[in-house]
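Counting convention: from 1, in listed order, for ligands and their atoms alike.
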Amino acid sequence: MHNQDQQLIFEVSKPGRIGYSLPEMDVPELDLNGLLPVGYVREQEPNLPEVSELDIMRHYTALSKRNHGVDSGFYPLGSCTMKYNPKINENVARYSGFAHIHPLQDESSVQGALGLMYDLQQHLIEITGMDEVTLQPAAGAHGEWTGLMMIRAFHEANNDLKRTKVIVPDSAHGTNPASATVAGFETVTVKSDEKGLVDLDDLRSVVGEDTAALMLTNPNTLGLFEENILEMADIVHGAGGKLYYDGANLNAVMSKARPGDMGFDVVHLNLHKTFTGPHGGGGPGSGPVGVKADLIPYLPKPILTKRDDKFVFDYDRPQSIGRVKPFYGNFGINVRAYTYIRSMGPDGLKAVTEYAVLNANYMMRRLQPHFDLPFDRHCKHEFVLSGRRQKKLGVRTLDIAKRLLDFGYHPPTIYFPLNVEECIMIEPTETESKETLDGFIDTMIQIAKEAEENPEIVQEAPHTTVVGRLDETAAARKPVLRYRPE
Ligand SMILES: *Cc1c(COP(=O)(O)O)cnc(C)c1O
């Protein structure tokens with residue numbers, strides 16, 4: 001239950017009420033003037049609320065209840081893999097030997113941590129079928145950019161300077177064209193065919209001597225496995241280009257198929273999706289990149305290697321694209337991913353894939369009679385519905401998403417991918433029970449009925465949340481981000 005009347009902390013403030021106690025000052029007071037530039041030293045007391053410890057406790061607890069997270073409810077946000085992150089990951093990440101070390105410590109004193117990173121790299125090499133892996137990139141998009149910079153360095157080293165274009169299907173994740181642009185390439189879009197897969201004729205017509213790489217999101221953002229990968233690999237490699245695999249959604253193929261075996265030269269993974277690192281809100285992630293042998297010289301430096309049974313960082317990498325992250329990546333996420341891989345084991349990881357795909361297909365088939373299904377094929381870890389039937393009744397996909405909030409669900413991804421009208425992209429993940437899936441399906445069916453019988457209730461949703469329907473334009477253009485006393 002939400003408490004709509006929860007007072008803001010500023011409103012319960014009483015002059016003189018405090019929630020802390022400090023010992024008497026026993027050192028001389030520092031004169032900040034002179035230490036800090038003029039204008040940086042506060043001249044007046046800040047206008048802070050004066051409250052007790054209990055008041056502040058209740059304030060933050062109330063705020064936390066207004067948030068939706070995987071730990072509080074179902075979160076079928078397509079393409080984001082908001083699955084449950086086992087708490088054993090957190091326990092291990094907090095071991096003081098991992099949590100309390102410093103990145104500048106001498107290598108000899110952190111052999112355990114380096115060993116974990118090395119082992120994680122070996123596991124990811126095995127899972128992806130690549131020859132080497134870097135753990136430096138901090139996110140999926142960062143991994144994409146890192147991979148493309150390596151491809152660029154490869155072509156430059158071969159004096160193949162006309163390769164300025166990266167081919168990106170229209171069913172790719174939105175970060176792909178963005179990363180290609182930031183890496184200095186021009187992006188070329190290839191169309192999907194009526195089955196929702198890359199149109200091979202269109203691909204053939206854009207591939208050429210100026211092709212640096214093809215970036216393939218697989219399964220694509222429609223949740224469909226690209227059937228013609230080996231043919232695509234022939235087309236692109238035949239023209240001298242490289243193949244990039246966006247493996248952020250490895251949940252769908254892990255332990256079943258490996259990008260390295262399909263002919264890909266580079267792949268990135270999202271440890272903060274498939275491998276249960278916490279994510280959301282732009283928090284720290286990890287986007288390791290795997291490469292085939294001919295790209296190893298360009299990996300970000302330092303690379304972690306084993307020499308005489310010791311783990312060492314090797315900086316002697318003359319062809320490296322350089323460092324892409326201060327220190328060595330987001331180590332805490334590596335610990336979580338390592339714990340996950342080791343606690344699941346190979347059979348566990350295979351089961352993850354099977355249940356992720358089973359759950360998505362189960363939901364898709366139960367929802368099919370009630371919503372339009374633009375691509376009626378076996379899906380992988382996610383699927384895409386269209387709200388065009390409901391739109392004819394005056395209920396838009398945005399309204400359906402808002403109505404789901406009334407039932408305690410995080411909405412699916414909406415209006416993406418762009419090639420589906422009134423798109424609803426649902427990813428149930430493998431960690432949810434059948435009861436949870438059925439609860440969500442029944443709610444979606446109820447909302448479809450409401451759209452027919454009582455559209456206002458959907459159009460005006462949400463009704464039970466602390467904040468109602470926002471003016472989205474004003475919220476984006478004139479955000480109110482802090483409390484201002486009158
Ligand atoms: C999430 C995602 C990305 C981007 O990952 P970030 O960590 O958010 O940068 C890229 N590609 C696909 C397919 C994704 O699902």
Inset, instruction - Indicate, with yes or no, if the rings of Tyr75 and His68 have centres closer together than 6.0 Å. - result: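 Yes, they do, as the ring centres are separated by less than 6.0 Å.
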Inset, instruction - May I ask you to check whether Phe264 and Tyr244 place their ring centres under 6.0 Å from each other? - result: no
Inset, instruction - Check whether any side-chain N or O of Asn330 sits under 3.5 Å from a backbone N or O of Gly332 as a donor-acceptor pair, and report yes or no. - result: no
Legend entry - Side-chain donor/acceptor of Glu382 to backbone N/O of Ser79, under 3.5 Å: yes
Inset, instruction - Could you check if a side-chain atom of Pro417 sits within less than 4.5 angstrom of a side-chain atom of Cys423, using non-hydrogen atoms only? - result: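 Counting from C-beta outward, Pro417 and Cys423 do come under 4.5 Å.
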Report, in ascending order of atom number, the atoms of ligand 1 lying under 4.0 Å from any heavy atom of [X].
{"X": "Thr217", "result": "13 (C)"}
{"X": "Ala139", "result": "7 (O), 9 (O)"}
{"X": "Asn249", "result": "13 (C), 15 (O)"}
{"X": "Glu144", "result": "10 (C), 11 (N)"}

Does an N or O anywhere in [X] fall below 3.5 Å from an N or O of ligand 1?
{"X": "Lys273", "result": "yes"}
{"X": "Asn270", "result": "yes"}
{"X": "Ala141", "result": "yes"}
{"X": "Gly140", "result": "yes"}
{"X": "Asp246", "result": "yes"}

Inset, instruction - Could you tell me whether atom 8 (O) of ligand 1 has a protein heavy atom closer than 4.0 Å? - result: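 Not a single protein heavy atom is under 4.0 Å away.
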Inset, instruction - Could you tell me whether the side chains of Glu432 and Tyr84 share a donor-acceptor contact shorter than 3.5 Å? - result: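 No - no donor-acceptor pair under 3.5 Å links their side chains.
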Inset, instruction - Measure the distances from the heavy atoms of His142 to every atom of ligand 1 and state whether one is below 4.0 angstrom. - result: no
Inset, instruction - Answer yes or no for Gly287: is there a heavy-atom contact with ligand 1 below 4.0 Å? - result: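 The answer is no: ligand 1 sits nowhere under 4.0 Å from a heavy atom of Gly287.
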Inset, instruction - State plainly whether the residues Lys256 and Glu354 are in salt-bridge range, i.e. N to O under 4.0 Å. - result: yes
Inset, instruction - State whether Lys306 and Asp314 are salt-bridged, where the test is any N-O pair (Lys NZ or Arg NE/NH1/NH2 against Asp/Glu carboxylate O) under 4.0 Å. - result: no
Inset, instruction - Name the option, out of His173, His279, Met215, Glu382, that contains the heavy atom nearest to atom 3 (C) of ligand 1. - result: His173
Inset, instruction - Supply the atom-to-atom distance Arg336 CZ to Ile88 CD1, rounded to the nearest 0.5 angstrom. - result: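 The distance works out to 12.5 Å.
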Inset, instruction - Classify the contact between Thr221 and ligand 1 as side chain, backbone, both or neither, using a heavy-atom distance cut-off of under 4.0 Å. - result: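 Neither; nothing of Thr221 gets under 4.0 Å from ligand 1.
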Legend entry - Within reach of ligand 1, part of His272 (heavy-atom separation under 4.0 Å):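 Side chain only.
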Legend entry - Aromatic plane relationship, Phe416 with His173 - under 30° parallel, 30 to 60° tilted, over 60° perpendicular: perpendicular
